[in-house]
Protein chains: 4
Amino acid sequence: MGIPVGVIGASGYAGGELLRLLTGHPVFDLSYAAASGRTHGEQDPALVSVHPSLRAGEADHRMGEGLRLSRVSATEAGRRCAAVFLATPPEVSAALAESLLDAGVEVVIDLSPAFRLRDPGLQRRWYPDVRRRGDHDAVCGLPELNRGALADARLIAMPGCLATAAILALLPLCGLPDLALTGIVIDGKAGSTGSGDRLRRSALHAARSGVVGPYAPAGHRHSAEIREALQARGLTTVGGALRLGMSVFAVNLVRGVSITAHVLQDPAADKTGDVDLTQLFRQAYRDEPFIRIRDWAAEAVPLPDPRIVLGSNYCDVAAFRDADANRLVIIAALDNLIKGAAGQAVQACNIRFGLPEVTGLAALPVYPS
Amino acid sequence: MGIPVGVIGASGYAGGELLRLLTGHPVFDLSYAAASGRTHGEQDPALVSVHPSLRAGEADHRMGEGLRLSRVSATEAGRRCAAVFLATPPEVSAALAESLLDAGVEVVIDLSPAFRLRDPGLQRRWYPDVRRRGDHDAVCGLPELNRGALADARLIAMPGCLATAAILALLPLCGLPDLALTGIVIDGKAGSTGSGDRLRRSALHAARSGVVGPYAPAGHRHSAEIREALQARGLTTVGGALRLGMSVFAVNLVRGVSITAHVLQDPAADKTGDVDLTQLFRQAYRDEPFIRIRDWAAEAVPLPDPRIVLGSNYCDVAAFRDADANRLVIIAALDNLIKGAAGQAVQACNIRFGLPEVTGLAALPVYPS
Amino acid sequence: MGIPVGVIGASGYAGGELLRLLTGHPVFDLSYAAASGRTHGEQDPALVSVHPSLRAGEADHRMGEGLRLSRVSATEAGRRCAAVFLATPPEVSAALAESLLDAGVEVVIDLSPAFRLRDPGLQRRWYPDVRRRGDHDAVCGLPELNRGALADARLIAMPGCLATAAILALLPLCGLPDLALTGIVIDGKAGSTGSGDRLRRSALHAARSGVVGPYAPAGHRHSAEIREALQARGLTTVGGALRLGMSVFAVNLVRGVSITAHVLQDPAADKTGDVDLTQLFRQAYRDEPFIRIRDWAAEAVPLPDPRIVLGSNYCDVAAFRDADANRLVIIAALDNLIKGAAGQAVQACNIRFGLPEVTGLAALPVYPS
Amino acid sequence: MGIPVGVIGASGYAGGELLRLLTGHPVFDLSYAAASGRTHGEQDPALVSVHPSLRAGEADHRMGEGLRLSRVSATEAGRRCAAVFLATPPEVSAALAESLLDAGVEVVIDLSPAFRLRDPGLQRRWYPDVRRRGDHDAVCGLPELNRGALADARLIAMPGCLATAAILALLPLCGLPDLALTGIVIDGKAGSTGSGDRLRRSALHAARSGVVGPYAPAGHRHSAEIREALQARGLTTVGGALRLGMSVFAVNLVRGVSITAHVLQDPAADKTGDVDLTQLFRQAYRDEPFIRIRDWAAEAVPLPDPRIVLGSNYCDVAAFRDADANRLVIIAALDNLIKGAAGQAVQACNIRFGLPEVTGLAALPVYPS
């Protein structure tokens, strides 16, 4: 007797990953899959012809021809699902979430940025074209930040993949007194699935392969999420608000995100020079099943690296001190389609329904690959 | 109350994959791991420091500091394990298998080529330096070929990754009368993990990245296995023995193997021109949980492709007819560390112990990645 | 006092490569560049904004803002150019070549397949949608095959990249008596620039990266060119016409093509068993500046490999014998945008205008890269 | 009548690139090549068997069997060469430079870090194992910084690839008053050729492919060079010396380096808010043949990117302002084997001998590749 769930936006990369994880989930039953681009037709395609990697073996019928990609219908989703995952563009999510809740869906988990920012002014500045419908307050879906609030949430806004990595890198610093921050720079490196499957010339293999392409030197939208989340936890730079900038590079990965948080301190005022950073991070995340703190003394290869979390819901984190530059260097890496999207959404949904948090998410990384 | 198993050769790529699969296996208990290169020291390293991808989350203790990499000891393995997987070089396997059986291990599953060839003359020609110790007859571990013989095997010889793909590509042709073969050419493409982690200049990233490198234009050792297995099933070329050649290329993959079997027919004698190849293959493999027959009419991307099986125990197969050249083209792709090594070994071991064949091997491919 | 030349189709990959080579050519003056997709507008874009890799340094004005991407005009091309390179789709080339010649262009060098096949029946079968205009006979532009006929050509049809590699691999066999061929299989591996920059989902980085994708298991259009060229030089299989099939795979390269010609012989009739293949090939190509015969005894890495010709006009070739399978294995690799397209077109144009064949093409490969 | 030059350390990646550039150089004659690892043997190997990419075509004898890889001999080098390039480890360079000068070599151009740091204290701290022999003062070989001093140099110390990129990114800021810097962070991304061809497990393709591996989170040795060079030009942070930290990541490139200089300013004191950065950089580099300032308004793809300089001696630079974080973002990309090593060394040697600076270095980037 599983809990029936659905996926809207099931034809894209994050949607496909949700299908994969839900197919292997022991409690959630995938009972509805739809894509917003689909028009009403005579014949809905089988999910396995849209996502041929998910086809079962000849003698196995887990996901045979049965499940099909429907057109989007809030009514239908409401009839079939207790929970619906939205892997849709923000404009679509902003409009759809309310309809789904009205149609009787218990909880909507939105992977888009539609509901992420709490401050209406920030929302207008960063997402001027996204008009939220309804007055449901969204709850941030990052378990490590907000686990307690998920139990009775109706609308859960999952953070972006870069924001997840950056917030997890910086969260343990939030309680630290006398850090004397003068500025934080996030340098992000991202694989191609993070940009979705929209057709554009710069996304072609011949154009995108082998790049170290600065696609957002400044002003990436995730920087607003990161600032809002961390300021809410008390992280500030000397003299006022949090000065945090982010630059993001496309690198030659399909899957995976790595961020480096360069944390600059005022050498005159910093009193944290003898804090053992690895211990601080271990302590902060001691109850977390999906955070792994890396300690260079024990590792065979340079870590964190998105390769070494690939296929898993882990976020690897390591912290370093650069005494020459009064700088802390915190690196976090995750699989952008799992801990940065579908996996973390399932994790949040597990919490929402009172299941053990790791249910369906225990896969170890597929390495080397 | 699981079945205790061990891995010798646990520090390499196939060894690490065995550790990963066994950690997630619901019946086999990983109770011993050793590496043949390890010398006796004061302190055995933790497995997770040798394979940092396998480290558990901060709040999870599946594979914490507990399991360590021991030095190789047949006695110790015999005391602790019902089954032992050997991911060792053929010279080591050839000597070790008997000691393990003598020490009380119920079954040894060898991933090396030490015991693959049945004909002693072929063995001497292709592996002159490998001296098998003992008189245990090895059973071929390819389930699709030899499932029945695995139930009471004591020594199981797993086929090579290229051989697995090639045999699975050609097996359905074995029963076909009037095929009038004039020759078969296997063109293989292989990722870098297939060559192990031995240090050599040609294996460096700067040398190996981006190659289409013909590392075995002719005379690859897997070709002997393939010929022996197929001839035993009655596949021959017109006029006598099986004329089958293989050329293998290093390509820019870490994981994955693809082979193309180009099957040439005598146009005058061939009477199979109206056989529906896809149906033939579907029928041949209708009871197989890990074979997926691909039909271009239903696929979104060109298949089979090793990418689309990555992280899974699937072997994808598709067959085409080239009327212009009296040629069948059969393509097979698999993950060389799973269906080509560790996964197939676990599959054989499942059969050996009467477990459902898919136990611990149900993971769907991680795609795209 | 250079020879003025133009490029039509200058916005694509082959077009960009023509611009690069012509910019560095000491005799040809790039005096016209156009793209068929361009509409007439107020302002033509600078070539360096379409191809930012070609921008000159701050203090260098080789290709500054001067050259612009015009709309296509045969009249304009005729006024400005002695020779025009067409890097356009075959439908466009088929219509444009005659207009250019009529407008006074001395020679048109077409990189598309529009004029490649000589047999009208083959042309109709393989390119049903390409209607050649005019009655100009095209001359095949492969210098190693057809150097003599280029000196007074008006319309030169450059062979495809795979066809160039395959013909160069097989040409030295053409004169060989008693070869007793029973069939030839070409297994091709190709990078993504070979398919052009048309937008389609399967060409996205996330879809195309890391593939070994059989995009043409049989029936690739280049196979018709290859058969026609080799049959014209007398290569046949026992019992009649040339049985030659080709299968082509997309691999994880941007630039580069590798083909393997698997040449099967009748063991009873073959009398070439003691031919020294490397010597045969060295002899056949002893006057060729752009062919390099590879001998495994002398090479540090497995060759031929498209990596090791990257950035150059070389085609590397090596031949092997597989006695176990009565098979010759001939491997050829080239840079598909240079020897497979733009470079070879410049080479043909050099010959056409009586220049030393290597003019502007002397760059050594950029390796490793 | 060329100028005879030699390369010591000719078997590695930078050595091979020197051979390639010198083979195509119209004035320098490559007359000696040696490798420090070579022992005296009966037969020195041909250079083309060590670097098979450099082999000439069958009918071309530029670099046939003639040039061989000798053992290292300062006497021999002195007899044959006016200039010697050292692509050797720093310990070797430190000892060899003096012997070469004593043997009559006019100028030694060292690509290692042996002679880079001027301050003896810094040298002892960062290179404790490198003992410089002799009392020759080395001149920094970065032309854009130090062109004037090269004309009569006897010992030229080429900067590292990351240092070249970082210094070129920051140099235009050196003259700027009221910048009110509070700190600079360099985030570097580097390909595998930058680490040389030493055998180690982490450099294997299977281990290094697909990484975003933080191999130097802090304390990279190039950071000392960068600080010394920029402080000498007057760049400081508020309150004293230059606070500059660097973190370097291995990324999935063979060739290429990208650095991002995140420049943090004190929002209260900064008076540069209305400076047009692109104009500032254009002006600073207006006489430079190998610097290209990128302006996002004119580019088709995100730049600078090491892909788009590959095969050339260009360094691409772009500057951005992040008003949200009081930050300047300056990105520089280069080919680490050319502008980051061999090409820049040839550029410096051109200046030393009074040749036009671009001699032999005019190749445009090979893109896309």
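Chain naming here is simple, since letters A, B, ... match the order of the sequence lines and numbering starts at 1 in each.
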Practice task
Sort Y13(A) into side chain, backbone, both or neither according to what part of it lies under 4.5 angstrom from a heavy atom of chain B.
Solution key: side chain
Completion exercise
The interface call for L21(A) against chain B, heavy-atom contacts under 4.5 Å, is neither
Exercise for the section: Give, as side chain, backbone, both or neither, the part of V366(A) having an atom under 4.5 angstrom from any heavy atom of chain B. Expected result: both
Problem - Region of R282(A) in contact with chain B, defined by heavy-atom distances below 4.5 Å - result: both
Practice task
Output the residues of residues 291-301 of chain B for which the shortest heavy-atom distance to chain A is under 4.5 Å, in residue-number order; output 'none' if no such residue exists.
Solution key: I291(B), R292(B), I293(B), R294(B), A298(B), E299(B), A300(B), V301(B)
Exercise for the section: Give, as side chain, backbone, both or neither, the part of T193(A) having an atom under 4.5 angstrom from any heavy atom of chain B. Expected result: side chain
Problem - From CD (E58(B)) to CZ (R286(A)), nearest 0.5 Å - result: 11.0 Å
Handout entry: Worked verdict on R55(A) versus I308(B) for side chain to side chain contact (heavy atoms under 4.5 Å, CB included)
Key = CA-CA 10 Å; R55(A) 192 178 292 275; I308(B) 289 202; over 6 Å; no
Problem - Closest non-hydrogen atom pair between P289(B) and A59(A), with its separation - result: N-CB, 3.9 Å
Problem - Residue L303(B) versus chain A: region with a heavy atom under 4.5 Å - result: side chain
Problem - From Y367(B) atom OH to H51(A) atom NE2, the distance as rounded to the nearest 0.5 Å - result: 10.0 Å
Exercise for the section: Heavy atoms only: give me the nearest Y314(A)-A56(B) pair and the separation to one decimal. Expected result: OH-CA, 3.7 Å
